[in-house]
Amino acid sequence: MIRNYRKDGSVFWNQLSMSPLRDADGKLTHYVGIQHDITERVQVSEKLRERTARLSTIFALSPDGFVELDRNLIVGFVNPAFEMMTGIAGSEVVQRPVSVLAAMLSERMDPEHAVDLMSLLRPQQALVAPMPDEVPVARPLRLSRPRHRVINFAMRYATYGGEILYFRDVTREAEVGQMKSDFLSTAAHELRTPMASILGFAELMLSREYDEERRREMVGIIYRQARTLTNLVNDLLDLSRLEVRGERGLKLETQPLEPLIRGTLAAFMVPGDPRQPDVDIEKTLPLAAMDSVKIQQALTNLLSNAYKYSPKGSKVEIRANSQQDSDGKTWVAMAVRDYGIGMSAEQLSHAF
């Protein structure tokens with residue numbers, strides 16, 4: 001292949017074929033060269049190389065996993081994202097039947113949610129004839145190795161007769177979905193309790209006659225339960241704002257922590273209550289950026305749980321000190337400790 005230039009300076013490509021010519025005695029006399037203009041073919045080949053390079057880059061950078069199968073269901077290509085999310089190296093499956101890949105994926109699946117990948121693939125004979133375009137249907141695969149993952153798996157027929165397998169890691173989405181479901185279930189339970197009390201006492205007051213003292217007592221219960229309900233709704237709104245806005249949902253102000261702790265205790269404890277917590281606050285505690293309302297809410301909730309689930313007379317401790325992280329940054333830490341029943345492993349898995 002020879003690169004030539006036209007009179008106007010543009011490039012064109014020739015394919016040169018040389019043939020020797022000999023005389024009657026077999027002596028080489030000269031050569032005959034035949035040139036073919038292959039510019040168009042070279043340009044097409046160059047465009048194909050560029051397209052292949054672009055696609056390779058896209059597949060290499062894609063966060064989604066891709067596996068390419070030929071018409072004989074032989075693995076031709078896997079991208080880095082697939083290797084990362086499954087722990088299966090391309091060298092282990094490329095140029096091997098897809099059944100090898102399916103077996104390796106099966107070994108990594110959660111036994112309680114095992115899926116036969118081969119049953120999801122089209123039969124080999126179906127790949128020979130072209131099939132119309134169709135929207136791929138994603139099916140969840142749950143892997144337990146190399147770590148827990150939820151992966152949406154889909155496949156699509158390729159025009160050359162092969163198959164493209166597609167894998168998207170949706171672990172985070174699945175976890176968030178489960179967390180929201182659990183949260184809504186818990187929130188509904190917490191809201192139902194005061195609501196049932198309000199409805200029950202309101203119904204009693206409407207259906208029966210009571211003396212003034214009893215009526216005031218019942219109205220007081222309704223009022224307190226309504227306040228509880230309002231506080232629960234406000235808590236839900238706070239969580240929603242923090243989820244949407246993140247740190248922007250906090251009103252941070254640099255201030256000392258000790259007055260907040262003392263003020264929260266004064267509001268939480270009944271005057272003369274013998275169940276006073278053991279408070280230990282570092283004397284040289286530095287100022288810290290915090291949202292005083294949220295800190296008071298968090299401390300109140302922790303104290304409420306500590307006393308609610310601890311035996312009568314058991315100790316509750318509050319500790320506040322300064323700590324430094326690996327970067328040398330100083331933090332103020334607060335902890336509430338009780339000696340009650342504690343939490344089960346299942347409850348601990350949902351904490352925070």
Side-chain angles (χ1 to χ4, degrees), residues 44-179 326 345 349-350:
V44 170
S45 179
E46 184 62 29
K47 288 180 179 179
L48 183 60
R49 279 196 296 270
E50 290 178 2
R51 176 182 171 83
T52 301
R54 291 194 194 101
L55 290 176
S56 296
T57 302
I58 292 171
F59 283 124
L61 296 177
S62 172
D64 298 327
F66 290 93
V67 175
E68 182 267 335
L69 308 177
D70 66 14
R71 64 174 60 248
N72 296 314
L73 297 183
I74 303 298
V75 178
F77 168 84
V78 301
N79 73 332
F82 174 82
E83 295 178 314
M84 184 274 295
M85 69 176 67
T86 64
I88 299 175
S91 58
E92 299 178 275
V93 292
V94 171
Q95 300 303 317
R96 304 186 70 182
V98 70
S99 57
V100 174
L101 181 143
M104 296 181 73
L105 275 176
S106 295
E107 293 173 356
R108 289 161 168 76
M109 286 185 193
D110 184 340
E112 295 184 3
H113 301 89
V115 175
D116 181 7
L117 188 64
M118 291 301 294
S119 67
L120 303 180
L121 298 176
R122 296 192 180 102
Q124 182 173 342
Q125 59 269 24
L127 297 179
V128 177
M131 299 177 66
D133 285 344
E134 57 188 52
V135 178
V137 177
R139 301 171 185 268
L141 303 178
R142 296 182 179 272
L143 304 186
S144 57
R145 294 171 43 209
R147 70 177 184 85
H148 170 72
R149 290 183 189 274
V150 180
I151 297 174
N152 274 350
F153 162 73
M155 52 191 170
R156 187 153 191 168
Y157 176 75
T159 55
Y160 58 81
E163 190 83 12
I164 302 296
L165 309 185
Y166 167 79
F167 301 82
R168 165 162 286 188
D169 190 341
V170 294
T171 306
R172 178 58 181 166
E173 291 88 336
E175 290 176 347
V176 169
Q178 185 60 46
M179 288 169 60
S326 58
S349 69
H350 296 289

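Ion pairing between Arg49 and Glu46 holds under the 4.0 Å rule for side-chain N and carboxylate O.
Distance check, rounded to the nearest 0.5 Å: CE of Met155 to CG of Leu69 gives 10.5 Å. The line from OG1 of Thr86 to CG of Leu101 is 7.5 Å long, rounded to the nearest 0.5 Å. Here the OG-CD distance, from Ser91 to Glu83, works out to 7.5 Å after rounding to the nearest 0.5 Å. Going from atom CD of Gln95 over to atom CZ of Phe77 covers 12.5 Å, rounded to the nearest 0.5 Å.
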Item to complete: Would you check, one step at a time, whether the test side chain to side chain contact (heavy atoms under 4.5 Å, CB included) holds for Ile74 with Val98?
Response: CA-CA 6 Å; Ile74 303 298; Val98 70; over 6 Å; no
Discussion item. Before you tell me yes or no, could you show the steps for Val150 and Arg172 under side chain to side chain contact (heavy atoms under 4.5 Å, CB included), namely the whole-Å CA-CA distance, both residues' side-chain angles and the distance that decides it to 0.1 Å?
Written reply: CA-CA 8 Å; Val150 180; Arg172 178 58 181 166; over 6 Å; no
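Val115 and Ser106 get closest at one heavy-atom pair: O-OG, 4.2 Å. The shortest non-hydrogen separation linking Met85 to Pro146 is O-CD, 4.1 Å. Residues Ala81 and Ser62 share a closest heavy-atom pair of CB-O, 3.2 Å.
A centroid separation of less than 6.0 Å is found between the aromatic rings of Tyr166 and Phe66.
No more than 12 heavy atoms of other residues, nucleotides or ligands sit less than 6.0 Å from atom CZ of Arg168.
Contact annotation: the side chain of Asp169 never approaches that of Pro63 to less than 4.5 Å [non-hydrogen atoms, C-beta and beyond]. Within the 4.5 Å cutoff, the side chain of Met109 has heavy atoms near those of the Leu141 side chain. Contact check for Arg142 versus Arg149: no side-chain heavy atoms found under the 4.5 Å cut-off. You'll find the side chain of Leu165 reaches within 4.5 Å of the side chain of Glu163, heavy atoms only. Between Leu143 and Ile151, some side-chain heavy-atom pair lies under the 4.5 Å cut-off. For the pair Val67/Val75, a side-chain contact is recorded, criterion being any heavy-atom separation below 4.5 Å from C-beta on.
Applying the ring pair (Phe, Tyr, Trp, His ring centres under 6.0 Å) test to every pair with at least one member in residues 81-101, sequence neighbours left out, gives these pairs: Phe82-Phe167.
At distances below 3.5 Å, at least one donor-acceptor pair connects side-chain atoms of Arg145 with backbone N or O atoms of Glu107. Asp110 places a side-chain N or O within donor-acceptor distance of the main-chain N or O of Glu112, the cut-off being under 3.5 Å.
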